[in-house]
Each structure stands twice: as structure tokens, then as C-alpha cells.
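Values below: every heavy atom of this structure, side chains too, minus hydrogens, waters and symmetry copies. Quick caveat, the model's predicted, so the values are computed rather than measured.
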Amino acid sequence: MALSALKTALSLRCLYRLQKIQAHMMSSNTGKEVLFERVGNAGVITLNRPKILNALSLDMIRQIYPQLKKWEKDSETDIVIIKGTGDRAFCAGGDIRSLADAGKVGDPLTQDLFREEYTLNNAIGTFKKPYVALISGITMGAGFGLSVHGQFRVATEKTLFAMPETAIGLFPDVGGGYFLPRLQGKLGLFLALTGFRLRGRDVQRAGVATHFMESEKLGALEKDLVELKSPSVSDVAQVLNTYQGQSTLDAEKPFALQQHTGAIDRLFKASSVEEILENLQKDGSAFAQKQLETLAKMSPTSLKLTFRQMQMGASMSLQEVFVMEYRLSQACMRGSDFYEGVRAVIIDKDQNPKWKPSTLAEVTEQLVEESFKSLGDRDLRL
């Protein structure tokens with residue numbers, strides 16, 4: 001009886017917190033979480049939640065998507081620029097804590113958020129006009145989805161990029177299954193499994209950003225972009241190339257992974273996560289040992305789902321990837337590792353998640369297969 005009462009109390013607490021979040025999301029202030037401006041012939045989107053690193057909410061998604069569609073059809077809007085308020089973050093991700101609270105009480109946010117976010121990501125990927133993301137500061141998770149599918153991503157010395165989802169029982173979604181396998185060699189798989197952090201010019205060297213420049217010149221760049229008259233993609237590229245050409249910051253500093261790219265291609269060329277671990281153990285180098293230690297901390301289920309996601313996504317269209325990732329998102333919401341990951345990293349911050357299953361061997365092929373199965377009428381439709 002005591003255990004039952006405790007579970008009921010916890011459920012009610014999650015429900016109460018979720019209701020508070022939703023009430024806040026629907027308040028009159030939420031319109032200020034994302035700003036829209038027409039400057040010259042440009043549409044400018046500003047993520048405006050600097051205190052929480054411009055984290056993306058469902059309400060923001062519901063504002064950005066129709067505005068983007070409107071600008072796509074508007075003959076007077078020739079280019080779209082997206083940026084974040086403040087210098088700490090472009091967008092550090094989504095509000096995973098509220099997502100976890102929603103999942104615990106069966107709230108439809110766990111379906112709506114993923115469905116509408118992926119729909120927005122696809123709209124960016126198919127946008128018919130030049131789309132420029134100024135990804136200065138932290139760019140992770142949802143920030144990746146708001147940027148990488150557009151034609152241009154401009155990094156600065158303040159950019160910090162990572163896809164850390166395997167550490168919280170998720171997978172690198174928002175189209176990560178399309179974008180990451182298309183990076184050079186096995187770099188994308190390495191980033192997806194380990195959550196390795198790229199900084200500054202390295203974000204461009206890895207292929208995540210298309211350009212690099214000093215953050216102090218972003219204002220001048222934006223001014224030049226909005227003054228372009230009916231620019232083509234090549235016109236925008238020329239402006240960005242000019243700024244990049246003038247940038248000397250860290251130009252002589254080698255790519256952080258330069259001496260390891262050969263090892264990454266060799267060690268992560270495998271038919272399973274287990275084989276990658278075997279390769280790393282046999283290699284015995286300091287770099288290999290570091291990756292073994294990192295992977296040992298990740299959710300075994302997330303590692304296997306991510307590996308399969310990268311395998312399949314490499315030969316899929318962007319739209320097919322989003323459909324696949326929506327299925328995976330719902331599998332994670334049904335499981336337990338996401339909730340445990342959020343507890344360990346976000347709530348209690350003990351950094352000691354108890355994954356279930358706790359080993360790769362216990363993550364069965366059946367569990368993986370079921371995570372990729374069609375949801376029938378509930379599948380994502382783009």
C-alpha cells in the first residue's frame with residue numbers, strides 16, 4: 001500500500017509540474033520566446049530564451065513553422081536568418097525535463113513535440129529560399145535540427161556542438177540519422193555514439209557548419225545579408241565566403257580530431273556496437289581507451305538504436321529518416337532509460353544512471369527491431 005501511495009504521489013507531482021509548464025507555455029509572455037522581424041527583404045528569427053540557453057519549446061515550434069511557411073510563399077521575403085539571443089547559445093536543445101514529466105503521466109506532449117519538431121526540421125530541409133543559421137554559442141540537439149538542414153550554418157569561436165543523446169537514453173534525432181552518416185568517413189557515427197564535443201572552427205572543419213567567422217563580426221554579416229536584393233544561394237555563399245576568408249582566428253590550430261581521423265575510420269568501421277568495442281579494446285591506444293570509457297557510460301539501448309539509425313539513415317531520404325526517428329522517439333518514450341537519464345543528468349545530477357538493460361548483451365535484437373517498427377496510423381506523415 002505504501003509503495004502504491006508513493007507512486008500515486010509521484011505521478012501527481014509530475015502532473016502538477018507539467019500543468020505549470022503548460023500554463024506558462026500558453027501565457028501571454030510566450031510570444032516573446034521567439035521573435036520575428038522583417039528587415040529589408042529578409043525574415044529574421046531570433047530564439048529569445050537566453051536564461052535557459054534558448055531551449056526550444058513546443059510553443060516556439062508552433063510559432064516558427066507557420067512563419068517559415070509564410071515567408072517561403074512571400075514574394076517580398078528573399079532570405080531567412082535564424083539566430084539566438086545572447087552570446088552563450090544558439091539553441092542548447094529542447095526542454096527534456098518537461099518531456100520526461102509528460103511521459104510519466106501519459107501526456108500527449110511526448111507525441112506532439114517530436115511530431116511537430118520533425119515537421120519543422122523537414123520544412124527547413126526543403127525550404128526554397130536561402131536559409132542561414134548563425135550558430136554562435138552552444139548548439140546541441142534541437143539546435144542541430146534548426147540549423148543543419150538549411151543551406152548555411154555559420155559557426156564562431158563561441159560555438160560548441162555536440163549530440164549527447166546517448167548519455168540520457170535517447171538517440172541523435174532531429175534528422176541526425178540523415179546528416180551524421182554523410183560526414184567524412186566514420187566521423188558522424190563517432191559523434192553520434194560518443195557525444196564528442198566540437199568547438200569553434202572545428203565545427204566547420206567537421207562539416208557541421210558551412211562557414212566560420214569571428215563572433216564580433218556577426219552584426220556586420222547580418223547587415224550585409226539583409227541588404228542583398230533577391231539573392232541566389234550563390235550570392236549568399238559569396239558573402240559568407242568573404243567573411244570566412246577574412247577570418248584568421250585559430251586558422252593555424254589543427255582540427256582537434258586530425259590525428260585521430262584514421263583511427264576513427266578504422267575503429268568505428270564495424271557491423272555492431274560490440275565490434276566497435278572489440279576494436280577499441282584491441283587497439284589499446286590512449287584515444288581508444290578514452291572512447292571505451294565514454295561508451296561505457298552511455299545507455300546500452302541508446303547505443304544500439306543509434307548504431308542502427310546511422311546504418312539505415314545513410315541510404316534514406318531526409319523524409320524517410322524523420323519517419324524512422326519518430327518511431328524511435330516513441331520507443332524511447334515507452335522505455336525507461338530516457339527517464340533515468342534525465343533523472344541522473346538533469347534532476348539529481350548524480351551522473352550515475354542505472355540503465356535497464358544494463359549491458360549491450362541484454363539489449364536483444366527483438367527490442368531493437370520493435371523500436372523501428374511502423375506505428376501504423378500513428379506514424380509521422382510529412
Side-chain angles (χ1 to χ4, degrees), residues 45 47 53-56 60-61 64-65 68 79-84 89-94 114 116-156 158-165 170-193 195-213 233 236-237 240 244 306 309-310 313-314 316-326 328-329 382:
I45 303 169
L47 309 177
L53 304 176
N54 297 321
L56 187 68
M60 292 166 73
I61 292 166
I64 296 170
Y65 178 78
L68 200 61
I79 182 174
V80 167
I81 299 167
I82 185 168
K83 60 182 180 176
F90 166 65
C91 174
F114 289 108
E116 295 184 43
E117 183 175 13
Y118 297 175
T119 301
L120 172 58
N121 298 151
N122 183 61
I124 293 168
T126 58
F127 197 65
K128 297 173 183 176
K129 297 176 180 179
Y131 181 96
V132 182
L134 306 180
I135 56 171
S136 189
I138 300 169
T139 303
M140 298 183 184
F144 175 87
L146 289 174
S147 58
V148 297
H149 304 300
Q151 295 103 324
F152 303 105
R153 290 89 61 189
V154 182
T156 75
K158 295 180 180 179
T159 302
L160 170 62
F161 166 81
M163 294 297 277
E165 287 82 2
L170 278 176
F171 60 96
D173 66 335
V174 293
Y178 180 85
F179 187 87
L180 294 172
R182 288 164 173 79
L183 295 179
Q184 59 196 32
K186 293 295 178 182
L187 178 60
L189 177 61
F190 169 76
L191 295 174
L193 294 176
F196 186 87
R197 295 184 169 197
L198 294 169
R199 301 172 187 273
R201 195 179 282 270
D202 284 350
V203 180
Q204 190 257 338
R205 288 170 170 153
V208 176
T210 58
H211 294 81
F212 175 85
M213 59 178 284
V233 170
V236 176
L240 296 176
Q244 177 168 278
T306 298
Q309 172 203 10
M310 295 296 124
M316 286 180 164
S317 69
L318 180 61
Q319 290 70 39
E320 289 170 335
V321 164
F322 285 129
V323 172
M324 171 183 69
E325 291 183 352
Y326 183 73
L328 288 176
S329 76
L382 296 168

Item to check | Within 45° cone of Phe179 ring axis and under 6.0 Å: Arg182 NZ or CZ | outcome: no
Checklist entry - Can you check side chain to side chain contact (heavy atoms under 4.5 Å, CB included) on Phe90 and Ser147, steps first, answer last? => result CA-CA 10 Å; Phe90 166 65; Ser147 58; 4.1 Å; yes
Item to check | Atom of Val321, atom of Met316 and distance for their closest heavy-atom approach | outcome: CG2-CB, 3.7 Å
Item to check | Non-hydrogen side-chain atoms of Phe212 and Val154 separated by less than 4.5 Å | outcome: no
Next on the checklist: Between Gln204 (side chain only) and Ala155 (backbone N and O only), is there a donor and an acceptor less than 3.5 Å apart?
Outcome noted: no
Next on the checklist: If you define the side chain from C-beta out and look only at heavy atoms, does anything of Ile79 sit under 4.5 Å from Lys129?
Outcome noted: no
Checklist entry - Are Val236 and Gln151 close enough that some pair of their side-chain heavy atoms sits under 4.5 Å apart? => result no
Checklist entry - Are side-chain heavy atoms of Phe190 and Phe196 found at a separation under 4.5 Å? => result yes
Checklist outcome for this item: Test side-chain contact (heavy atoms from CB on, under 4.5 Å), reference Asn54, set Ile138, Leu47, Thr139, output is Leu47
Checklist entry - From Leu382 CG over to Gln319 CD, what is the distance, rounded to the nearest 0.5 angstrom? => result 6.5 Å
Checklist entry - Which heavy-atom pair separates Pro181 from Gly313 by the least distance, and what is that distance? => result CG-C, 4.5 Å
Next on the checklist: I want to check something: taking the side chain as every heavy atom from C-beta on, are Leu198 and Leu191 in contact at a cut-off of under 4.5 Å?
Outcome noted: yes
Next on the checklist: On a heavy-atom basis, which atom in Glu165 and which in Asp173 lie closest, and how many Å separate them?
Outcome noted: OE2-OD1, 4.3 Å
Next on the checklist: Looking at every heavy atom in both Pro164 and Met140, which two are closest together, and how far apart are they?
Outcome noted: CG-SD, 4.2 Å
Item to check | Flag side-chain contact, heavy atom, 4.5 Å: Leu187 against Leu180 | outcome: no
Next on the checklist: Looking at every heavy atom in both Leu53 and Ala89, which two are closest together, and how far apart are they?
Outcome noted: O-CB, 3.5 Å
Checklist entry - Can you tell me how far CD of Glu117 sits from OG of Ser329, rounded to the nearest 0.5 angstrom? => result 9.5 Å
Next on the checklist: I'd like to check Leu318 versus Asn122 (side-chain heavy atoms, cut-off strictly below 4.5 Å). Are they in contact?
Outcome noted: yes
Checklist entry - Rounded to the nearest 0.5 Å, how far apart are CE of Met163 and CZ of Arg197? => result 13.0 Å
Next on the checklist: I'd like to know if the side chain of Thr306 reaches the main chain of Phe171, judged simply by a donor and an acceptor atom lying under 3.5 Å from each other, with no hydrogens or angles considered.
Outcome noted: no
Checklist entry - Is a donor on one side and an acceptor on the other found under 3.5 Å between the side chain of Glu320 and the backbone of Ser317? => result yes
Checklist entry - Is it true that Arg199 and Asp202 make a salt bridge, defined as a side-chain N closer than 4.0 Å to a carboxylate O? => result no
Next on the checklist: Which label fits Tyr118 and Tyr326: parallel for a plane angle under 30°, tilted from 30 to 60°, or perpendicular past 60°?
Outcome noted: perpendicular
Next on the checklist: Please check: side-chain N/O of His149 versus main-chain N/O of Val174, any donor-acceptor pairing under 3.5 Å?
Outcome noted: yes
Checklist entry - Distance-only, no hydrogens or angles: does the Thr156 side chain make a donor-acceptor pair with backbone N or O of Met213 under 3.5 Å? => result no
Next on the checklist: Main chain of Gly176, side chain of Gln309: is a donor-acceptor contact present, judged purely on distance under 3.5 Å?
Outcome noted: no
Checklist entry - With distance as the sole test, does Gln184 use its side chain to make a donor-acceptor pair with the main-chain N or O of Ala206 at under 3.5 Å? => result no
Next on the checklist: Does any part of the side chain of Leu134, heavy atoms only, come nearer than 4.5 Å to the side chain of Ile82, both counted from C-beta?
Outcome noted: no
Next on the checklist: Assess the residue pair Glu116 and Tyr65 against the criterion (side chain to side chain contact (heavy atoms under 4.5 Å, CB included)); give the C-alpha distance rounded to whole Å, side-chain angles, the decisive distance to 0.1 Å, and a yes or no.
Outcome noted: CA-CA 9 Å; Glu116 295 184 43; Tyr65 178 78; over 6 Å; no
Item to check | NZ on Lys158 to CD1 on Ile135, rounded to 0.5 Å | outcome: 14.5 Å
Item to check | Pair Val80-Val132, side chain to side chain contact (heavy atoms under 4.5 Å, CB included): steps then yes or no | outcome: CA-CA 6 Å; Val80 167; Val132 182; over 6 Å; no
Checklist entry - Between atom CD1 of Ile81 and atom CD1 of Ile45, what is the distance when rounded to the nearest 0.5 Å? => result 10.0 Å
Item to check | Minimum-distance pair of heavy atoms, taken over all atoms of Tyr131 and Leu146 | outcome: OH-O, 2.8 Å
Next on the checklist: Is the distance from the ring center of Phe144 to that of Phe161 below 6.0 Å?
Outcome noted: yes
Checklist outcome for this item: Distance col, row Met310:CE vs Leu189:CG, nearest 0.5 angstrom, shows 7.5 Å
